[in-house]
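Written out below as C-alpha cells is the structure these notes cover.
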Amino acid sequence: MEEKIKKPYDASSTEPQILKKWDESGFFNPDVCIEKGVTSKDAPVFSMVLPPPNVTGTLHTGHALMLITQDIMTRYARMQGKRTLWLPGTDHAAIATQIKVEKELSKKGIKKSDLSREEFLKKIEDYALESHDTIVNQSKKMGASLDWSREAFTLDAQRNKAVNTVFKKMYDDGLIYRGHRIINWDPKGQTVISDDEIVYEERKAKLYTFKYSADFPIPISTTRPETKFGDTAVAVHPEDERYQEYVGKEYDTVFCGEPIHIKIIADREVEKDFGTGALGVTPAHSMIDWELAQRHDLPTKIVINEYAKMTVGGEKILGKKTEEAREAVVEWLRSQNLLLKEEEITQNVSTAERTGAIIEPLPKLQWFVDVNKKIPDRQNKNLKELMLEPIAQKKINIIPDRFEKVYFNWVQNLRDWCISRQIIYGHRIPVWYKKNTEEILVCPESTPNEEWEQDLDTLDTWFSSGLWTFSTLGWPDNTEDMRTYHPTTMLETAHDIIFFWVARMILFSQYVLEEIPFQNVYFHGIVRTKDGKKMSKSLGDQAIDPLDIIGKYGNDALRLAMIIGNTPGNDLKLNEDDIRGYAKFANKIWNASRFVLENTNDIDSSDLQKLKENLDTEDSASMQELEQLIQSITKEMDEYRFSLVAEKTYHYFWHTFADILIERSKKKIQENKNSDSAKALLYLQLHSLLKVLHPFTPFITEEVWSIINTKNGKHAEEDLLLVQKWPI
RNA sequence: GCGCGGUUAGCUCAGUUGGUAGAGCAACUCUUUUACACAGAGAAGGUCGUAGGUUCAAGUCCUACACCGCGCACCA
C-alpha cells in the first residue's frame, strides 16, 4: 500500500504529476499509440479538430466547457481502441487581435498612426505569441488530451499555403471576384466587414417627414436627413394612387443649399403605409437603396466618407460628423418650414461586432465570394447548394438537430461574402497589380518584380479558419494524415459560430475536396453566471476563471460541474457551490478506493475472470447490475448524452458501490463469511468504475489506477488508465 | 413579421418510442460505527406556465395563449 492513499486527496499536488505521466507517455499522439501497441493501425478512426481559440488573451469558461466536452469524447474514443486524433491550434483572429492591440497601445499613449505598417504588425505578432503561449499552457493544465505535436496556427506558413491555394482555385473558377459594391463600413475600425459581423442594436430614433424644397411635390420620411444630399430618386409603390401622376418625372431642385436631381420611380419594394409612402433613394448610403438604384439604373452620389463625415454641404455641414450634420439639416428644414412631422420610433441600428461603431454603408471596391455562381466542376451547383446538400442528405449529423433549421435559413438567405479587410493582421490577399495598368496576377508562383504591387488588404479571418479541418492535416500537400483523418468524425463547438465557422467549413470542404468536413456536429451552449449573464471579463468578480477553479477544487470537480445537467445546445449556468459539491465526489472516489485497496491486499488480482467466477450469488448479481449499467451508459456515450452518463455513474458509485456494496462487504469480511467473494467484488467493481469514470474525472481515476498498478508491480506506460480498454 | 428554445422540488437542471414524477445543491432531524463528518441514516418538498384536445393512460403528442431568452427579416 502506497502511503499516499492514506492521506486525503489533494488535487493541486496530484494533477501536475498526472499531467507529466500523460505527457511523457506520448499517448495523446495516435502515432505513438500505434508504435507502442496500444492501438492497432487498422482500428476505426476518431478525429476532431479543436476550434482554435483566438490569440486575444486567456482561456475563459467557454473554452473550458469546450475543452472538457471534447476531452471526454476523445478519451472515450481512445479507450474504445480507436485511432484517436484531437488536433489543437490557435486562431490569429485578425480584426479581434488587431483591435485588442490597438487598445493596449492607446493605453500607453501610442497611436496606430505613430507606427509603420511593419512596426505595428510586429506589435500584434508579439501580442499574439504571448497569448498563444498562455492559452496553450492553460489548455495543458486542464488535461486536454490534445496531440500537441500536430499543433497549427491559422496564420502560419502551411496554413497560408492552403489559403492561397484555395483563393487561386476559387478565382480561377470565377467564385472570387473583385467588385464595386455597397458594403458595411466600420468607421472606427476603418475596414469593411461582412454581413455576419454586424450586431443589431435596438435604439430610439426620430423619423422626420419633410420635403426637399418648397417646389418639390412629394414629402418623404427618413431617420437620416443628412444622407438626403445623396438622393437621386424618390420611390413610390406602383399602385399608390397618391403619386401615380409623378412617376417617371424628373426634378432639379436645391436641398439645404445643395443642388439635387431627383427622378420619381415606382417599385414594389416600397411600403405604401410607411411614412408618406414615398422613399428618398440614397444609393450610396443604404443597402436597400443601392439595390433599388441597380434595378432602376440610377446614378450614385457619395456624400459621406470613411470617417462618417460629410463631403458636401455648407459650412455647418461639410466635414462634420453625420450626427452633427443631421441636426444642422433638421434645423434648416425647420427654418424653411419644410419639416412636416417628427416622430419617435425604435429601429435596429447596425453596429460592428468588434468595435461597436455604427456601420456606414458605402460603395467600395472589394473582394467577394460569389455564392450563386454555378460551378461546372461540381455538377453546376453553386456554393449555397454545396452547403445545403450534406445537411439535407443527412451526411452531416447535427446535434441537437434543431440547428439544422437555423442553418438552412441562413444559407438560403446568404448573399455574396465580402472577404477583404482593410486591416494589416491576417493573410494578405494574394493578388498583385501591375502599376499604371489593369493587369493583375493571382497567386503567382514567385513574388513578382517591382513593377507589381500586392493588394494591401487581408482576408476575413474566417477564410482561413474555414479550411481548418483539412489545412491542419497538411493539405494541400498529399499527406498520410489527410488520407487517415479526413473527413473528421466530430466537430464540437459553440452554437453561436454556426454561421461564421461551421457553415464556412462545409462550404470549403465541399467545394475544395468534394467531401464533408465532419460527420457530426455537436453544439454546446454558452456558459452563464448564476443570474444568467454571459460569463465575461467585464463581470469582474462574478466571472469564474477556470484556472482559479482548478487550483481550488481540481479539474475533476470542474469537469463534472460543467457536464452534469448540461445538454447540447443549451446554455449552462455555472456556480461555485456546484463545483464544490463535485469536489466532494472526488474525495469519495479517493476514500472508497482506499477502503478497497486496504481490504484486497491478499487476493490475487492477476486473473480477473477467475475472480469473477468465484463470486457468490449475491455478489455475482451485483456484478451483473454494474455490467448492465455499463451497457446502458456505453449506448448513451455513443449518443453523446454525457450529462446522463456522468450522473448515472456518479450515482452508482456513491449510492450503490460505496453505500451498499462496501457496507455489505464490511460485514462479510468481519464475519469472515464469503469474504473472498466480497473482496473480489470490490476489486472488480472499482476496476471497471475507474475506467468508465475516466473520461469524466481523468485525474483522480488515473491516480488511483496508478496506485493499484504500483501494488501489482506494473509500471509500464501501456498500463496507464488513459489507454485501457473501455469495459464491455 | 417569421422561426427556435425555455417555463418540472427553495436553487440549477435531467426526464428518447405516452404507462404510478428524478438528481445535485441548499434547508431539516438524528448519528462521531474502524474508507470517508468533503460522511452515514431518515424525513420533507412538485395539481410538471395557462386553457383546451387526442388517448384506457399526457411532463411526454396536438392546438391556442402567456411570460422569459435567442436567431432571422424589416428598419424610409
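Every chain is numbered from 1, with letters handed out A, B, ... down the list of sequences. Just so it is clear, the values below take in all heavy atoms, side chains as well, and ignore hydrogens, waters and symmetry mates.
In this structure, CD1 of A:I564 is placed 18 Å from P of B:U12, rounded to the nearest angstrom. Separating the CD atom of A:E576 from the C1' atom of B:C25 is a distance of 14 Å, rounded to the nearest angstrom. At whole-Å resolution of the value, CD in A:E636 and P in B:G15 are 11 Å apart. Put simply, CZ on A:F274 is 13 Å from P on B:C74, counting in whole angstrom units. The CG atom of A:L644 sits 17 Å away from the P atom of B:C13 (whole-angstrom rounding). In this structure, CD1 of A:I345 is placed 15 Å from P of B:C74, rounded to the nearest angstrom. The interatomic distance linking A:F523 (CZ) with B:C70 (C1') rounds to 14 Å, in whole Å. Between A:W410 atom CH2 and B:C72 atom P the separation is 11 Å, expressed in whole Å.
Only the P atoms considered, B:A9 is 23 Å distant from B:C70, to the nearest whole Å. For the P atoms, the distance from B:G10 to B:G46 is 7 Å, rounded to whole Å. Separating the P atom of B:G40 from that of B:C4 is a span of 45 Å, rounded to the nearest Å. Separating the P atom of B:G45 from that of B:G18 is a span of 31 Å, rounded to the nearest Å. The C1' atoms of B:C30 and B:A35 are separated by 22 Å, rounded to the nearest whole Å. Going from the P atom of B:C48 to that of B:G59 covers 7 Å, rounded to whole Å. Separating the P atom of B:G5 from that of B:G15 is a span of 14 Å, rounded to the nearest Å. Here, B:U7 and B:A44 have their P atoms 27 Å apart, quoted to the whole Å.
Checking A:D231 against A:T282 by side-chain atom types alone, a donor-acceptor pair falls below 3.5 Å. There is a side-chain donor-acceptor pair under 3.5 Å between A:H296 and A:D267. For the residue pair A:H237/A:E271, the side-chain donor-acceptor check at 3.5 Å is not satisfied.
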What N/O pairs connect the protein and nucleotides 2-6 of chain B at under 3.5 Å? Give each pair on its own line.
from: B:C4; atom 1: OP1; to: A:K405; atom 2: NZ; distance (Å): 3.0

Strictly under 3.5 Å: I want the nitrogen or oxygen pairs between protein and nucleotides 31-40 of chain B, one per line.
from: B:A35; atom 1: OP1; to: A:K666; atom 2: NZ; distance (Å): 3.2
from: B:A35; atom 1: O2'; to: A:R594; atom 2: NH1; distance (Å): 2.8
from: B:A35; atom 1: N7; to: A:K666; atom 2: NZ; distance (Å): 3.3
from: B:A35; atom 1: N6; to: A:A658; atom 2: O; distance (Å): 3.2
from: B:A35; atom 1: N6; to: A:E663; atom 2: OE2; distance (Å): 3.3
from: B:A35; atom 1: N3; to: A:N591; atom 2: O; distance (Å): 3.2
from: B:A35; atom 1: N3; to: A:A592; atom 2: N; distance (Å): 3.2
from: B:C36; atom 1: O4'; to: A:N591; atom 2: ND2; distance (Å): 3.4
from: B:C36; atom 1: O2'; to: A:N591; atom 2: ND2; distance (Å): 3.0
from: B:C36; atom 1: O2; to: A:K588; atom 2: NZ; distance (Å): 2.8
from: B:C36; atom 1: N3; to: A:K588; atom 2: NZ; distance (Å): 3.0
from: B:C38; atom 1: O2'; to: A:N587; atom 2: ND2; distance (Å): 3.4
from: B:A39; atom 1: O3'; to: A:K588; atom 2: NZ; distance (Å): 3.0
from: B:G40; atom 1: OP1; to: A:K588; atom 2: NZ; distance (Å): 3.2
from: B:G40; atom 1: OP1; to: A:W654; atom 2: NE1; distance (Å): 2.2
from: B:G40; atom 1: OP1; to: A:D659; atom 2: OD1; distance (Å): 3.3

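From A:W654, atom CH2 reaches atom CG of A:D659 across 8.5 Å, with rounding to the nearest 0.5 Å.
Remark: A:T567 is in phosphate contact with B:A14, judged by side-chain N or O atoms under 4.0 Å from OP1 or OP2.
Residue A:E241 qualifies as open at atom CD: its count of foreign heavy atoms under 6.0 Å is 12 or below. Environment of CD in A:Q336: crowded, with over 12 heavy atoms of neighbouring residues, nucleotides or ligands closer than 6.0 Å.
For A:F642 and A:Y76, the ring centers are positioned 6.0 Å apart or more. Annotation: A:F255 is in aromatic contact with A:F229 [ring centroid separation under 6.0 Å]. Taking the six-membered ring for Trp, A:W290 and A:H285 have ring centres at least 6.0 Å apart.
Partners of A:E201 according to the side chain to side chain donor-acceptor pair (under 3.5 Å) rule, which considers only residues two or more places apart in sequence or in another chain, are A:R203. Qualifying side chain to side chain donor-acceptor pair (under 3.5 Å) partners for A:K341, counting only residues two or more places apart in sequence or in other chains: none.
Here B:C25 is the nucleotide among B:C25, B:A14, B:G71 with the atom lying nearest to any side-chain atom of A:D578. Across B:C74, B:G24, B:A14, the shortest atom-to-atom separation from the side chain of A:N348 is found for B:C74.
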Checklist outcome for this item: Read 5' to 3' with Watson-Crick or G-U pairs under 3.5 Å, [ ] for crossing pairs and | for partners on another strand, RNA chain B gives (((((((..((((.....[..))))..((((.......))))......(((((..]....))))))))))))....
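Taking the charged nitrogens against the carboxylate oxygens, A:E404 and A:K394 do have a contact shorter than 4.0 Å, which makes a salt bridge.
Applying the salt bridge (charged side-chain N to carboxylate O under 4.0 Å, His left out) test to residues at least two apart or on different chains, the pairs with a partner in residues 551-569 of chain A are A:D71-A:R559, A:K552-A:E576.
The residue A:T222 sits close only to the backbone: its heavy atoms come under 4.0 Å of sugar-phosphate atoms, none of a base. A:T223 comes within 4.0 angstrom of sugar-phosphate atoms only, judged by non-hydrogen atoms across all strands, and of no base.
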